Amino acid sequence: MNYWLFKTEPAECSIDDFARAPDTPIVWEGVRNYQARNFLRDQVAIGDQVFIYHSSCKDIGIAGIAKVVKAAYPDPSQFDRNSIYFDQKSTTEQPRWIAVNLLFVSKLEQLIRLDKLKSLATLIELPLVRKGNRLSVMPVTRAEWQTIIALT
DNA sequence: GCCAACGTTGGC
DNA sequence: GCCAACGTTGGC
């Protein structure tokens, strides 16, 4: 089993949206970065654990945990002309973009703030805290996962 | 709202 | 295949 961190803007999809419907899988769509796409396509597997990270908002940090309940499949939003994620260059034969489904696991009692994560020597390799990082889907090592879990 | 850093595009 | 210009991300 692998560990991941997925970024989301809570105005779009927050941990509270997960918590509100804990039995309903969330379609993780709209990833439009090739490196992140490749992780979704090649490595994210059913049963993997995912930190849900809130970005571009007031309270920035890890807000909760989800798990993967459906592995890579074509992101439906790429074919939807009405979606902001529509991609004219995608075809059903050769889809460019990948979605997975997530299910709520837990909401952290206290959000783990970005500055807290940045302050930990054991997390210096975590892409999230590295300068200029823009990955919206990133791997988390087992050691990093346990470091972060220990903060809760 | 600013802007650094990075990714993507497209001309050559 | 280079690289300038442009677009996006995302913290501050």
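Chain identifiers are assigned alphabetically (A, B, ...) following the order of the sequence lines, protein sequences preceding nucleic acid strands; residue numbering begins at 1 within each chain. We use all heavy atoms of the structure for the numbers below, so side chains are in, but hydrogens, waters and symmetry mates are not. Since the structure is predicted, the reported quantities are computational estimates derived from the model, not experimental observations.
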So, [X] versus [Y]: side-chain donor-acceptor pair below 3.5 Å or not?
X	Y	value
A:N101	A:W28	no
A:N133	A:R130	no
A:E144	A:T141	yes
A:S119	A:R113	no

Rounding to an integer number of Å, can you tell me how far [X] [atom1] sits from [N] [atom2]?
X	N	atom1	atom2	answer
A:D87	B:dT8	CG	P	12 Å
A:Y34	B:dT8	OH	C1'	8 Å
A:Q35	B:dA5	CD	C1'	14 Å

- So, the side chain of A:T152 versus the backbone of A:I149: is there a donor-acceptor pair under 3.5 Å, distance only?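 At least one qualifying donor-acceptor pair exists.
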
- Query: Is a side-chain donor or acceptor of A:E12 paired with a backbone partner of A:E9 at a separation under 3.5 angstrom?
  - Reply: no

Give each protein N/O atom lying under 3.5 Å from an N/O atom of nucleotides 9-12 of chain C, with the pair distance.
residue, atom, partner, partner atom, Å
C:dT9, O4', A:R134, NH2, 3.3
C:dG10, OP1, A:K7, NZ, 2.7
C:dG10, OP1, A:R134, O, 3.3
C:dG11, OP1, A:Y53, OH, 2.7
C:dG11, OP2, A:S56, N, 3.0
C:dC12, OP1, A:K118, NZ, 3.2

Listing time: all N or O pairs from protein to nucleotides 1-3 of chain B that are below 3.5 Å?
none

- Is there any ring-ring contact (aromatic ring centres under 6.0 Å, His included) pair reaching into residues 69-102 of chain A, and which pairs are they, with sequence neighbours excluded?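 Qualifying pairs: A:Y34-A:W97.
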
- When you look at A:H54 and A:T8, which way does the side-chain contact (heavy atoms from CB on, under 4.5 Å) test go after all the steps? CA-CA 5 Å; A:H54 287 176; A:T8 178; 3.9 Å; yes

- Message: Taking only side-chain N and O atoms of A:K131, does any of them lie within less than 4.0 angstrom of OP1 or OP2 on B:dA5?
- Response: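 Yes, such a contact exists.
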
